[in-house]
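Down below is the structure, laid out as structure tokens.
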Amino acid sequence: MELHFNPYDFEYRIEDGITYFYFYGRTMEGQKVAVKHRYAPFFYADASGIDKQEFEEKINCLVLKSGPEPAKAAGFEMIEKESQGRKQEFYKIYANYPKAVPLLAKEIQSWGLACYERDILYVHRYLRDHGIIPMKTVKASGAFVQDQWMRAPVFLAEKVEPQKSETSPEWRVLAIDIETYAVKKEIDFNHNPILMISFFGMKDGQEFRKVLTWKNTALPEYVEIVPDEGALLKRMKEIIIEYDPDIITGYFTDGFDFPYLQSRAGKHKVQLDLGIDHSEIIVHQSGFGETEAKIKGLLHLDMLKFIRNIFGKDLDVETYSLDAVSRALLGHQKHEVDLDQLSYFWDHEPEKLAEFCAYNLHDSFLAYKLCEKLLPDMIEFTSIVGLPTFDVIRMRFSKLVESYILKRAAEFNVLAPNKPENTEISRRMEESIQGGFVYEPTPGLYDDIIVFDFRSLYPTIICAHNISPEGFRCACCKDLPHVPGKEEYWFCSHGKKFLPAILEQLILRRAEIKQQIKEAKKKKEDTSLLDARSYALKILANSFYGYMGFYAARWYCLECAASTTAYARNYIAGTIAKAQQEGFKVIYADTDSCFLLLEEKTIEEAMKFMEGINENLPGQMELEFEGHYPRGIFVSLKGLKGPKGVKGSEKGAKKKYALLKKDGNIKIIGFETVRRNWSPLAKEMQEKVLRLILQEKVAEAIQYVKKTIDELRKGEIAADKLVLKMQITRELSSYSSFAPHVKIAGEMQQRGQPAGPGTVVKFIIVKGKGLIRDRAKIPADVSPGQYDAEYYVTHQLIPVVSSIFTVLGYSEEELFKESSQTGLGKYF
DNA sequence: CGAGCCCGGGG
DNA sequence: GTGTACGGGCTCG
């Protein structure tokens, strides 16, 4: 029989020595289903220049005992693949189970054969090789089989193929959020219980809202009261199973809610066996101390991960907090509550908990709304990359690009190069290239600024000039034009090479989508799906250049990256020169953008200039009008570091300016983002000063700074605006460097206050001599006016506003020197 | 300057 | 999970 279904979670299982790929999803009729399909893992070995007979005899009797099962080659065949632009023969070697692949490859490499695609995850390989797109419809041919373990019927497929279908199912989404006991922001998985769990969803057109808690008091109708924390966890499990979601979502659920739930469940010996096969929530370490949480048979989407890694890059937020992100994306914000009170009320005034239940529910609501809004985007990335949505939203750009390339490589019969070894990575990290061209602005305040930029500059250059590793310095094109400014570099112009070819498809596909968006808008149709598609294509295309220069890339090609920026510098320099010839004053240019002053010219003349540029550009390259700003401030770029690697060169071209938009809003670029080791005072000052100056209230801005500094020096600033925070991350004895926060933590411990790993230490710098650490004090010990005003002036306030005032011709001296009537001496 | 360390999100 | 790893900024020495 045939089964049509939409899968969203995947794994492999070994049953009686056979490796099966498992799909988990929902049938077109809405029934949850597991589909299994036999598929053998494999990798490739370079067959050139070896004694084939000897090799084949050796491989036939190869058995390695180091794995969980003896690793054996389950057969091999000879195939042809394209490697570095040439067709070549390889052995395709099958393994008896997935983890045998790296073991066998390592052994065979020791025989002197280069092995490839030996670290491609089995699940990923399966999806690519079968052209399966997660979330989209799949047709399986086979039959249902008996299985006592799964929470869904199991279908054994003989054959599996992707289906073209335009209708996408209504995914059933459940958002979840927990509140925990915590005094003074101290999060402690071991000692502090979960107080509340909220759920928000939409099932069969009905809103689902629920909060579980274990304090017996009068609470709103959506709150369900259970006897204790253990019961809370058990009830949560029941609710999720009954709701039967496809997608479970939340905010920082990878790093907080699920690990917390898992840890509390362990404490109460409650089985959170939510998996389709009754497995428990799986929390694993991923990367630099981060975790990710998985429930088998469900799709867990941590909205923070997608927003932080992929979607948030174009989002104008200063932190990725749920509050900031919800404001920016949904126009909603979090409920305002004092979370310190939750634990207090829990202990002393439970009748006041209703407010916190509402808060808890609202956070689930926000996560649900974020998921709902971004699901089209997450699904688009899934489609383009062809990997599970779970993985895709947790990837960084380099991995996303590489996954896209690997998918296309399978289609093009291109062999994937191996990841670099550690020694190779270190070598690559030493290498650097020149970045974008920066036309340094004359710092100042300007009126009527016109901004042009090249649309997708780097991607369009890579395509227009066929920049690729295989075509680098080819034998056939030596006499054709070379890369401008890189006379020893040229690229083959015979036939589109692999990377430019697949990149061009992204660009052309996006152009089509943009056309469709235009038409849909004319007809007043909803464009959100098309917008998502266009956005995904753009992000991916823009990441190709960075990928080629990324040290860990399989398709690393620093010469390609260097040539891309060389062409770009040439194009932007040409644009600047032409603008000047036509009598425009260019005030600033950076990589792909050019800022002109309108002065006595008209907008029409500026547009005419742009058209002139566009007549001479190759391929998909195009200069676009970005905007007209009534006023802007540019500050000096002093203190820049020289180019170092691709990233470093981007940093070298760092911009620092603020523009006033026609609607009165300001666009701030490149000024310090404020982190928790900046005082609240510094943050406040920077924003206010920029705003005042762009509104031409310079005198007022100076007045404000002087007044603030005056107050600071008089000791009138509230100490809480001066608090610096730093976290203790290990046992104090194991710190080798004795930083201020370590000293403070030591003092706290002496007083019997906890200051172990995880504690956020707060301190204020006070007057005195010596190193900063000698003058760091616990805020409670700081008497009014004892703080070191000069430290705050020089380390906090000057850094955030000095460049702004320097531009206007004010020296630091004038602004920050002590005024005569408020000398320090007064307070000593 | 390099080495070492901390930040993010979450209660 | 056929896992191994971010990027920026500050302080100390």
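By convention in this document, chain letters (A, B, ...) are assigned in the order of the sequence lines, proteins followed by strands, and residues within each chain are numbered from 1. Computed over heavy atoms, backbone and side chain alike; hydrogens, waters and symmetry mates excluded.
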Check: Are more than 12 heavy atoms from other residues, nucleotides or ligands located less than 6.0 Å from atom NZ of Lys296(A)?
Finding: yes
Margin query: I need the CZ-P distance between Phe356(A) and dG11(B), as an integer number of Å.
Written below: 12 Å
Margin query: Measure CZ/Arg394(A) against C1'/dT4(C) and give the value in whole Å, please.
Written below: 18 Å
Next item on the list: Report the residue from Tyr20(A), Phe23(A), Tyr22(A), Tyr12(A) that forms a ring pair (Phe, Tyr, Trp, His ring centres under 6.0 Å) with Tyr126(A).
Entry: Phe23(A)
Check: Of all the nucleotides listed (dC12(C), dG7(C), dG11(B)), which has the minimum atom distance to the side chain of Leu342(A)?
Finding: dG11(B)
Next item on the list: With the side chain of Ile772(A) defined as its heavy atoms from C-beta on, choose the nearest nucleotide among dC12(C), dG9(B), dC6(C).
Entry: dC12(C)
Notebook entry, point to check: When you compare dG3(C) with dG10(B), how far apart are their C1' atoms, in angstrom units rounded to a whole number?
Noted result: 26 Å
Notebook entry, point to check: Counting any heavy atom closer than 4.0 Å, what does Gln285(A) reach on the DNA or RNA strands: base, sugar-phosphate only, or nothing?
Noted result: base
Margin query: For dG11(B) and Lys334(A) - does any side-chain N or O of the residue sit under 4.0 Å from the phosphate oxygens OP1/OP2?
Written below: yes
Notebook entry, point to check: Does Arg428(A) make a cation-pi contact with Tyr556(A), if we ask for NZ or CZ under 6.0 Å from the ring centre and within 45° of the axis?
Noted result: yes
Next item on the list: Name every residue in residues 298-307 of chain A that has at least one heavy atom under 4.0 Å from any atom of DNA chain B, in order of residue number, or write none if there are no such residues.
Entry: Leu304(A)
Item checked: Donor-acceptor under 3.5 Å (Tyr547(A) side chain, Arg554(A) main chain) -> yes
Next item on the list: Consider the side chain of Lys399(A), meaning its heavy atoms from C-beta on, and name the nucleotide among dT11(C), dG9(B), dT4(C) that approaches it most closely.
Entry: dT4(C)
Next item on the list: Could you tell me whether Lys294(A) atom NZ has more than 12 heavy atoms of other residues or ligands within 6.0 Å of it?
Entry: yes
Note to self: For Gln285(A) and Thr291(A): C-alpha separation, side-chain torsions, deciding distance, then whether side chain to side chain contact (heavy atoms under 4.5 Å, CB included) applies.
What the structure shows: CA-CA 4 Å; Gln285(A) 231 47 44; Thr291(A) 51; 3.8 Å; yes
Note to self: From CZ of Phe256(A) over to C1' of dG11(B), roughly how many Å is that when rounded to an integer?
What the structure shows: 5 Å
Checklist line | Nearest-angstrom distance from the residue atom CG of Leu339(A) to C1' of dG11(B) | finding: 6 Å
Checklist line | Nearest-angstrom distance from the residue atom CG of Leu724(A) to P of dC6(B) | finding: 16 Å
Note to self: Looking at Arg13(A), I'd like to know if its CZ atom is crowded, meaning that more than 12 non-hydrogen atoms belonging to other residues, nucleotides or ligands lie closer than 6.0 Å.
What the structure shows: yes
Check: For the side chain of His741(A), counting heavy atoms from C-beta on, which of dA5(C), dC5(B), dG11(B) is nearest?
Finding: dC5(B)
Checklist line | Contacts of type ring-ring contact (aromatic ring centres under 6.0 Å, His included), residue Phe42(A), not counting sequence neighbours | finding: Tyr44(A), Tyr94(A)
Next item on the list: Tell whether Asn192(A) reaches the base of dG11(B) with its side chain through a donor-acceptor pair below 3.5 angstrom.
Entry: no
Notebook entry, point to check: Base, sugar-phosphate, or nothing: which does Lys294(A) touch, judged by heavy atoms less than 4.0 Å apart?
Noted result: nothing
Notebook entry, point to check: When all nucleic acid strands are considered with a 4.0 Å heavy-atom cut-off, which category describes His124(A): base, sugar-phosphate, or nothing?
Noted result: nothing
Check: Rounded to the nearest Å, what distance is computed from the CZ atom of residue Arg773(A) to the P atom of nucleotide dG4(B)?
Finding: 16 Å
Checklist line | Selection from dG10(B), dC6(B), dT11(C) that lies nearest to any side-chain heavy atom of Tyr791(A) | finding: dT11(C)
Notebook entry, point to check: CZ of Phe763(A) versus C1' of dT11(C): gap in Å, rounded?
Noted result: 10 Å
Check: Taking the side chain of Asp177(A) as its heavy atoms from C-beta onward, which of dG11(B), dA5(C), dG9(B) lies nearest to it?
Finding: dG11(B)
Notebook entry, point to check: Are OP1 or OP2 of dG11(B) and a side-chain N or O of Lys184(A) less than 4.0 angstrom apart?
Noted result: no
Checklist line | Between Asp177(A) and Ser364(A): side-chain donor-acceptor atoms closer than 3.5 Å | finding: no
Check: Is NZ or CZ of Lys334(A) both nearer than 6.0 Å to the six-membered ring centre of Tyr359(A) and within 45° of the ring axis?
Finding: no
Note to self: Using whole Å, what does the distance between atom P of nucleotide dG11(B) and atom CG of Leu261(A) come to?
What the structure shows: 12 Å
Check: Among residues 113-121 of chain A, which residues get a heavy atom nearer than 4.0 Å to DNA chain C?
Finding: Arg118(A), Asp119(A), Ile120(A), Leu121(A)
Note to self: Starting the side chain at C-beta, find the nucleotide from dG11(B), dT4(C), dC6(C) nearest to Arg396(A).
What the structure shows: dC6(C)
